[in-house]
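Remember, predicted model here, so these are calculated numbers, not experimental data.
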Amino acid sequence: MELNEINPYVLKVMPSAMRKFDHDISVDPKIIKLTLGEPNFNVPDHIKQAAIDAINDNKSHYPYYWGYQELRDAASKYYRDKFGYDYPADQIVVTVGATEAVAVTVKTLFKHGDAVIIPTPAYPLYDASTTLNELNTLLVDTSDDDFILTPAKVQKAIDDHPDLNVKGLILTDPNNPTGVAYSKEQIAALAPVLKKNGIWVISDEIYGELTYGQKHYSISEYLPDQTIIINGLSKSHAMTGYRLGFIFGPSGFVDEIAKVHQFTVTAAASIVQYAAIEALEHGQDDSKPMLQEYEKRRDFVAKEMTEAGFDVVHPGGAFYVFAKIPVGLHMDSWAFVKTLAKEYHIGLMPGDPFGDNEYVRISYAASDEALAAAMKAVKQLVADHSVEPTK
């Protein structure tokens with residue numbers, strides 16, 4: 001047997017360049033990493049205790065594949081109170097993180113050859129998921145619209161590909177890597193063009209609780225019959241390793257997604273689900289102290305990167321700064337992050353895996369000390385390597 005005899009769409013997908021880079025630089029004992037979207041906060045103690053209690057109470061048997069009723073009831077109330085979601089428990093599926101939620105939703109909604117719009121810069125998972133499912137991916141650059149997808153660009157993507165059946169849009173709000181958060185007006189403006197063209201929206205709202213000075217608005221309010229929401233507890237409750245996510249969607253369609261979920265993973269882990277019940281029922285304010293710290297860190301990093309000569313995208317949410325490399329460095333994103341890691345022992349993410357090789361992404365979900373050291377190193381790199389003035 002030869003490797004080229006396996007599914008060719010698997011061969012088209014490369015392993016995560018982001019994860020490989022993070023792994024490679026981790027061998028440096030001096031490295032300070034601002035690479036992954038990993039909160040430096042611990043899971044709140046009351047959630048940890050709920051997991052411990054579940055273990056001690058032998059709650060270790062197969063859960064119902066949709067997720068425990070108590071958990072889905074809690075998710076229905078929690079997200080209704082937070083964001084106005086209008087989904088009862090029987091329209092919610094509990095998944096193994098938001099990643100599985102995206103994967104099974106893409107697999108369910110679209111047929112071989114359908115086209116899906118992905119506004120860029122974007123988290124690489126989305127393009128990998130569409131490729132693995134033998135779909136056509138339409139990457140739409142949003143950089144000239146302040147990294148906001150506009151109705152005009154949606155319509156242009158459709159008009160430019162009359163030979164394709166454009167059936168989907170994957171929207172991330174707040175965005176990773178830019179941190180851009182859509183206003184209510186920007187979200188509402190997208191709904192008519194999506195409704196007119198019969199386009200499903202997979203709305204990844206995993207950073208919805210992490211917004212600064214503005215509310216999070218879900219497109220499901222304007223397009224409920226064509227929206228599947230992805231959410232979870234990884235970012236809001238620092239539960240990245242627990243791998244707990246949710247799918248919210250219209251009746252009938254979410255039932256079909258649940259089937260794919262069942263035959264992919266069976267169910268999310270029982271112990272994790274009990275921890276999640278505690279998070280949703282008694283952790284409504286757990287994200288607030290994190291959010292306060294993130295906002296201070298955002299302001300610090302944005303200021304420092306601007307002083308270093310970078311054009312900075314102003315983040316309205318999440319915990320990333322996306323910054324354009326000064327032209328005077330004559331470096332693309334890979335050259336910049338490799339130089340920074342090798343010579344200054346600081347790890348940032350290149351923009352290239354997200355779709356823009358002129359930018360780098362800084363995760364400020366790190367300690368103040370790590371951020372200060374990183375900003376000092378970035379300024380030193382600019383001073384040491386600039387070929388011409390950066391401004």
Can you check whether [Y]'s main-chain N or O pairs, donor with acceptor, with [X]'s side chain at less than 3.5 Å?
{"X": "Q226", "Y": "W200", "answer": "no"}
{"X": "T130", "Y": "D127", "answer": "yes"}
{"X": "N231", "Y": "E205", "answer": "yes"}
{"X": "K82", "Y": "Q284", "answer": "yes"}
{"X": "K235", "Y": "G37", "answer": "yes"}
{"X": "N7", "Y": "Y9", "answer": "yes"}

In terms of ring plane angle, is the pair [X] and [Y] parallel, tilted or perpendicular, where the classes change at 30° and 60°?
{"X": "Y79", "Y": "F248", "answer": "perpendicular"}
{"X": "Y87", "Y": "Y85", "answer": "perpendicular"}
{"X": "Y78", "Y": "H237", "answer": "tilted"}

Does atom NZ of K77 have more than 12 heavy-atom neighbours, drawn from other residues, nucleotides or ligands, at distances under 6.0 Å?
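For K77, atom NZ is not crowded (no more than 12 foreign heavy atoms under 6.0 Å).
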
Mark yes when over 12 heavy atoms from residues, nucleotides or ligands other than H23 sit less than 6.0 Å from its NE2; otherwise mark no.
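Open.
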
Show which side-chain atoms of residues 48-55 pair as donor or acceptor with protein atoms under 3.5 Å away, not counting sequence neighbours.
residue : atom : partner : partner atom : Å
K48     : NZ   : D45     : OD1          : 3.3
Q49     : NE2  : D53     : OD1          : 2.9

Testing the basics here: between L233 and F246, what is the closest heavy-atom pair and its distance to 0.1 Å?
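Here L233 and F246 meet closest at CG-CE1, 4.3 Å.
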
Minimum heavy-atom separation for W66 to D90, with atom names?
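For W66 versus D90, the nearest heavy atoms are CZ3-O, 3.4 Å.
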
Quiz: residues 354-372 side-chain donor-acceptor pairs under 3.5 angstrom, not counting sequence neighbours:
residue : atom : partner : partner atom : Å
D356    : OD1  : E358    : N            : 3.1
N357    : OD1  : S333    : N            : 3.4
N357    : OD1  : S333    : OG           : 2.4
N357    : ND2  : D332    : OD2          : 3.3
R361    : NH1  : N176    : OD1          : 2.8
R361    : NH2  : T35     : O            : 2.4
S363    : OG   : L36     : O            : 3.2
S363    : OG   : A365    : N            : 3.4
Y364    : OH   : Y212    : OH           : 3.2
Y364    : OH   : A318    : O            : 3.3
S367    : OG   : A370    : N            : 3.1

Salt bridge (charged side-chain N to carboxylate O under 4.0 Å, His left out), that's the test. Do K20 and D24 meet it? Break it down for me.
CA-CA 6 Å; K20 183 178 187 306; D24 290 346; 2.8 Å; yes

Ring center gap for F310 and F336 short of 6.0 angstrom:
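Between F310 and F336, the centre distance is under 6.0 Å.
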
Does the ring centre of Y207 sit less than 6.0 Å away from the ring centre of Y320?
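Y320 vs Y207: aromatic centres under 6.0 Å.
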
How would you list all residue pairs meeting side-chain hydrogen bond (donor to acceptor under 3.5 Å, both in side chains) that involve residues 261-276, not counting sequence neighbours?
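Counting only pairs at least two positions apart or across chains, the side-chain hydrogen bond (donor to acceptor under 3.5 Å, both in side chains) contacts touching residues 261-276 are E100-H261.
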
For residues 156-165, which residue pairs pass the side-chain hydrogen bond (donor to acceptor under 3.5 Å, both in side chains) check, not counting sequence neighbours?
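Matches after skipping sequence neighbours: D114-N165, Q155-D159, K156-D160.
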
Checking K296 now: which residues fulfil salt bridge (Lys or Arg N to Asp or Glu O under 4.0 Å) with it, not counting sequence neighbours?
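Salt bridge (Lys or Arg N to Asp or Glu O under 4.0 Å) check on K296 returns E293.
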
To the closest 0.5 Å, what do you measure between CD1 (I206) and OG (S236)?
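Atom-to-atom, I206:CD1 and S236:OG are 6.5 Å apart.
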
Enumerate the salt bridge (charged side-chain N to carboxylate O under 4.0 Å, His left out) contacts for residues 274-290, please, sequence neighbours excluded, ordered by first and then second residue.
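Every salt bridge (charged side-chain N to carboxylate O under 4.0 Å, His left out) pair that includes a residue of residues 274-290, provided the two are not neighbours, is D285-K288.
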
